[in-house]
Amino acid sequence: MSSPTPAEDEVPAIQTGPKGVINDWRKFKCEDQDTPPSKKALLRQISNPQSDDAHDRLNRKMSVQEYEMIAEEDEKGLRKYRKQCMKEMHERFSFGPTFDSVVELDNGEAFLEVIEKEHRLTLVVVHIYKDGVKGCEALNSCLDCLATEYPSIKFCRIEAAATGASERFSDDVLPAMLVYKAGELLGNFLSMTQHLSEEFFAADIEAFLNEYGLLPEKEFVACPDEEAGVEVE
Amino acid sequence: MGEMEELRKEADNLKDQITEARKVVQDTTLQEAVAGTTLVGRVQLKTRKTLRGHLAKIYAMHWGTDTNCSKLCVSASQDGKLIVWDTLTTNKVNAIPLKSSWVMTCAYAPSGNMVACGGLDNMCSIYNLKGKDGNVKVMRELAAHTGYLSCCRFLNDSEIITSSGDCTCILWDIETGTEKTIFAGHLGDCMSLAVSPDFKMFISGACDFTAKLWDIREATCRQTFSGHESDINAIGFFPNGNAVITGSDDATCKLYDLRADQELITYQDSGIMCGVTSLAASLSGRLLLAGYDDFNVNIWDMLKAERVGVLAGHDNRVSCIGVSSDGMACCTGSWDSFLKIWN
């Protein structure tokens with residue numbers, strides 16, 4: 001599971017749901033140049049879990065002073081803040097090791113190691129193949145290609161016999177693709193060829209993984225121009 | 001001081017009596033009852049549609065319920081807009097600009113005629129989608145709460161229930177814009193509410209670690225469920241209306257049975273350490289989709305209390321979730337401004 005390691009991230013405040021909105025607002029006010037320093041200090045003190053009166057306020061999430069501050073708001077500052085938020089989130093979740101090619105795993109131990117020891121943000125895609133089984137060679141070349149396009153993903157391949165669990169990976173379930181992250185199995189795709197057409201290419205594998213939400217965005221797409229607004233069709 | 005001590009002792013005594021009474025009626029555990037049931041196989045959902053148009057983090061979304069709008073949903077974003085989507089075509093049916101960007105909740109009326117939202121402005125704004133000239137306008141601004149609006153749900157076109165950071169929930173008359181009933185009792189901010197399938201009751205989850213079942217017409221609190229070790233952020237009814245599902249900052253979800261008046265099971269895993277902030281049950285109630293504060297969604301087998309999958313490949317993006325009323329799909333909103341439809 002992707003649990004934050006204290007060394008890497010300070011424990012972030014709640015980011016989703018109503019509390020997420022409160023914390024986003026506090027962050028905005030602290031960063032907004034129009035907020036007077038005294039109020040910024042107040043916000044920081046309130047959001048600090050170590051503060052003295054934290055225990056008394058246990059059940060209440062917003063203070064009276066904060067409610068008073070909500071009335072004064074500025075649209076321009078908000079726009080800048082939103083873009084910044086997205087940028088920070090993208091950076092936070094793409095900061096991990098990179099790879100440039102498919103790694104061949106030699107045995108079961110190597111397999112286990114790659115599942116358990118990789119960085120918690122790294123997606124691990126393992127292709128289990130056997131020479132001679134239809135689709136394996138094609139899938140191998142597809143992954144060779146994808147490995148260069150998605151450097152944050154660790155693509156691996158291992159021969160069914162080398163896994164030490166060849167009974168589980170008989171010819172009829174190959175080629176198989178297993179997807180892991182932070183030690184957890186996210187995707188288990190046996191007999192990949194049944195999901196693909198006769199001839200398939202890297203783009204088809206890419207689309208397949210994308211459908212299950214397994215691939216990261218290729219690059220950070222800046223927020224569309226806010227002036228354009230939202231068009232209703 | 002002597003009297004306070006007496007009262008405190010009496011309260012603790014009563015709590016113990018309640019616990020005892022609950023133990024007495026407990027003739028089995030959920031685990032025992034489902035020992036013969038097989039675990040649901042691994043659940044792997046695919047993205048069917050991507051809804052693009054918002055410009056910032058999606059804070060909340062809600063599906064339409066009426067047969068005419070079972071494929072429609074409304075989303076609220078940090079960009080200060082409510083967008084009503086046709087999830088089949090991915091078209092935006094309405095794009096409604098809000099006065100305040102800090103919106104925490106949105107709701108679709110069962111009839112499909114209105115949507116509502118609210119947040120740090122302490123108000124619940126009702127929008128009429130079927131205005132005569134085709135424009136969407138604010139119909140009412142329900143203002144009476146002294147705290148942020150964490151959740152709102154329509155009962156019908158003339159009544160809506162809201163939960164607030166002021167520790168109360170209110171039943172409003174939309175026509176007159178006034179409060180019909182104030183449900184007070186929680187000792188902490190109310191974070192979420194859900195209406196029972198028969199529309200006679202509703203449940204609220206709060207920062208006092210409890211969930212309360214309220215009778216809407218009698219205006220009373222029928223039952224209180226405790227057990228969570230931290231704030232309850234998300235709450236929902238089990239599809240048959242006989243049980244309540246809660247999600248908390250203590251990283252667990254719990255299932256409480258209304259008739260047994262106690263907790264049936266806890267959905268937890270030693271590897272999960274962040275709070276639950278949204279939840280949705282599948283139509284049959286077999287699966288529970290729980291959204292966590294690390295932007296991941298775990299799928300639980302509700303009977304066996306085991307995780308059977310993750311949504312969105314652990315991509316750390318999901319900020320809110322909802323299952324459609326016909327059970328055909330689920331929708332996730334993310335911090336990168338997109339919504340996705342999965343099944």
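Every chain is numbered from 1 and lettered A, B, ... according to where its sequence line falls, protein lines coming before strand lines. None of the values given here were measured: they were computed from a predicted structure.
- When each of B:H186, B:Q78, B:R48 is scored by its heavy-atom pairs under 4.5 Å with chain A, the top score falls to B:Q78.
- Looking at B:L120, both its backbone and its side chain come within 4.5 Å of chain A, counting heavy atoms on both sides.
- In this structure, B:Y292 and A:T16 have side chains that are not in contact, with every pair of non-hydrogen atoms separated by 4.5 Å or more.
- Contact between A:E211 and B:W342 at its shortest, heavy atoms only, is O-CZ3, 3.8 Å.
- In terms of heavy-atom proximity, B:K57 sits nearest to A:Q15 at NZ-O, 2.7 Å.
- Judged purely by distance below 3.5 Å, without hydrogens or angles, the side chains of A:Y67 and B:N122 never pair a donor atom with an acceptor atom.
- Of the residues considered (B:T105, B:D249, B:D121, B:V318), B:D249 shows the highest number of contacts with chain A, using heavy-atom pairs under 4.5 Å.
- Of all the heavy atoms in A:G213 and B:T47, the pair that sits closest is N-OG1, 4.3 Å.
- Remark: B:Q44 pairs with no residue by the side-chain hydrogen bond (donor to acceptor under 3.5 Å, both in side chains) rule, at least two apart or across chains.
- Ionic pairing of B:D293 and A:K19 is not present here: no N-O contact between side-chain nitrogen and carboxylate oxygen is shorter than 4.0 angstrom.
- Closest non-hydrogen pair, A:H90 versus B:D336, comes out as NE2-CB, 4.3 Å.
- Neither the backbone nor the side chain of B:V84 comes within less than 4.5 Å of any heavy atom in chain A.
- The salt bridge (Lys or Arg N to Asp or Glu O under 4.0 Å) test with A:R60 is passed by exactly one of B:D208, B:D189, B:D231: B:D189.
- When each of A:G20, A:P18, A:G17 is checked for heavy-atom pairs under 4.5 Å with chain B, A:P18 comes out on top.
- The number of heavy atoms from other shown groups lying within 6.0 Å of NZ (B:K99) does not exceed 12.
- At least one side-chain heavy atom of A:L121 sits less than 4.5 Å from a side-chain heavy atom of B:N316.
- Judged by distance alone, the side chain of A:K61 and the main-chain N or O of B:M191 form no donor-acceptor pair under 3.5 Å.
- Of the listed residues (B:G309, B:S192, B:G147), the one with the most heavy-atom contacts under 4.5 Å to chain A is B:G147.
- Counting heavy-atom neighbours within 6.0 Å of B:R42 CZ, excluding the residue itself, gives a total above 12.
- Contacts of B:E229 classified as salt bridge (Lys or Arg N to Asp or Glu O under 4.0 Å), with partners at least two apart in sequence or in another chain: none.
- At least one side-chain heavy atom of B:S337 sits under 4.5 Å from a side-chain heavy atom of A:M86.
- Of all non-hydrogen atoms in B:Y148 and A:I22, the two that sit nearest each other are CE2-CD1, 3.6 Å.
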